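To start, the structure itself, in structure tokens.
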Amino acid sequence: MFVTRFAPSPNGLLHLGHAFSVLTAFDAARAAGGRFVLRIEDIDGPRSQRELEDAIYEDLAWLGVEWETPVRRQSEHLADYAAVLDRLDARGLLYPCFCTRSEIENALTAPHGPEGAIYPGTCREASADARAAQLAAGRPFARRLDLSAALAAAGPLAFVESGARIAVDGARLAAEIGDVVLARKDVPASYHVAVVHDDALQGVTHVIRGADLAFATPLHGLLQRLLDLPTPEYRHHRLMTDAAGKRFAKRDGAATLRALRAAGVTPEAIRARIGLA
Ligand code: GLU
């Protein structure tokens, strides 16, 4: 059975870009006679707000999207993600990172990737004694993936993107993402861990999402292999742009579904405007 999902983070109002994403996924589920799942990715701390989550439900219902209930809210499942991290840790694939943001910026040896700084590996190289001392001192730490160890443990990897088989290029992953944070200092989870866990738990067969997340798919394929999870098929759709060719972003108030609805725009007109009539 075809199962796809829309997984917004409630840290802003939905805009035309989200409408394109959710309707692309919802229409695909309908066309395949499959299921459509909505998931709230609310683990990125104070930016995720309950009112914004309610606004998501309201805007999606207005658009004509129907989803299964109960909706999974990631903030209610942190123990699941902690268990995933423990499994990776038990295989020696994580290490604690005590670096502050400014220490990382100062030590940078590579340009930033789509996720931010490519971590120079300082804490990966730390001696066992140094690590124990930091832990004993109670210094807060994030947990990073030891990417080269993870790639070696996983072996050759590939995933399916829009019907084509794509081999994962480890060197490219190292250059674009590197030793990524899988558990933040303040939240014992990360988007990458939660998304991989939840897609498998919810039986997602097709991940349909924006091209802005395509960089993360090889990492997700890697985590799926390490955790013995199935790898869904991926489709990264084009990103909606405004009249000036700029991507819609949370700051563009005029493109929010709220503002358009208040201005009398109908859901049918939204579909027409994003080319999904
Ligand atoms: N929560 C992510 C976002 O709002 C999307 C995750 C995904 O589709 O994989 O950007």
Side-chain angles (χ1 to χ4, degrees), residues 2-29 35-50 52-57 59-60 63 65 67 71-78 80-81 84 113-116 159-162 166 176-177 180-182 184 187 189-224 227 229-240 247-252 255-257:
F2 181 107
V3 183
T4 192
R5 48 55 160 197
F6 179 60
S9 302
N11 52 22
L13 290 169
L14 298 185
H15 53 63
L16 284 172
H18 295 107
F20 182 70
S21 201
V22 68
L23 290 171
T24 299
F26 180 67
D27 289 357
R35 291 171 43 214
F36 174 81
V37 174
L38 175 65
R39 181 168 74 227
I40 299 294
E41 302 208 323
D42 58 347
I43 54 172
D44 57 355
R47 282 194 304 139
S48 289
Q49 293 166 26
R50 192 59 211 231
L52 290 168
E53 182 183 329
D54 291 339
I56 288 173
Y57 300 136
D59 290 348
L60 292 182
L63 268 185
V65 175
W67 59 91
V71 170
R72 184 173 171 91
R73 303 172 74 227
Q74 290 187 328
S75 59
E76 293 169 355
H77 301 280
L78 292 179
D80 287 14
Y81 313 132
V84 169
E115 271 259 291
F159 59 91
V160 175
E161 162 73 50
S162 302
I166 312 274
E176 286 188 350
I177 300 188
V180 64
V181 169
L182 292 188
R184 291 168 27 176
V187 188
S190 73
Y191 159 62
H192 301 296
V193 163
V195 80
V196 158
H197 175 273
D198 286 356
D199 282 340
L201 181 81
Q202 297 186 294
V204 171
T205 60
H206 290 74
V207 171
I208 299 172
R209 62 186 176 192
D212 54 335
L213 288 169
F215 78 93
T217 302
L219 172 66
H220 296 173
L222 171 61
L223 293 174
Q224 286 149 357
L227 296 163
L229 301 174
T231 292
E233 284 190 33
Y234 287 85
R235 286 186 210 165
H236 294 97
H237 59 68
R238 67 189 165 84
L239 300 175
M240 295 298 302
R247 250 178 78 188
F248 288 116
K250 304 223 150 99
R251 60 186 175 276
D252 300 325
T256 64
L257 300 182

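FYI, the numbering just counts along the sequence from 1. What you are looking at is a predicted structure, and each value in this text was computed from that prediction instead of being measured. Start at 1 and go down the list; that is how both ligands and their atoms are numbered.
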Please answer whether the main-chain N or O of V204 pairs with a side-chain N or O of D199 as donor and acceptor at a distance below 3.5 Å.
-> no
Just let me know how L213 lines up against ligand 1, side chain, backbone, both or neither, with a heavy-atom cut-off below 4.0 Å.
-> side chain
Is it true that E41 and R39 have a side-chain N and a carboxylate O under 4.0 angstrom from each other?
-> yes
Counting from 1 in the order shown, the ligand 1 atoms closer than 4.0 Å to a non-hydrogen atom of Y191 are 6 (C), 7 (C), 9 (O)
Closest heavy-atom approach to atom 8 (O) of ligand 1 among H220, R5, H18 is made by R5
Not counting sequence neighbours, list each pair that qualifies as a salt bridge (Lys or Arg N to Asp or Glu O under 4.0 Å) and has a residue in residues 201-210.
-> none
What orientation do Y191 and H220 show, parallel under 30°, tilted 30 to 60°, or perpendicular over 60°?
-> perpendicular
With a cut-off of 4.0 Å, which atoms of ligand 1 are near a heavy atom of E41?
-> 1 (N), 2 (C), 5 (C), 6 (C)
Using salt bridge (Lys or Arg N to Asp or Glu O under 4.0 Å) as the criterion, list what pairs up with E76, not counting sequence neighbours.
-> R73
Below 4.0 angstrom from a heavy atom of V195, which ligand 1 atoms are there? Numbered from 1 as shown, please.
-> 9 (O)
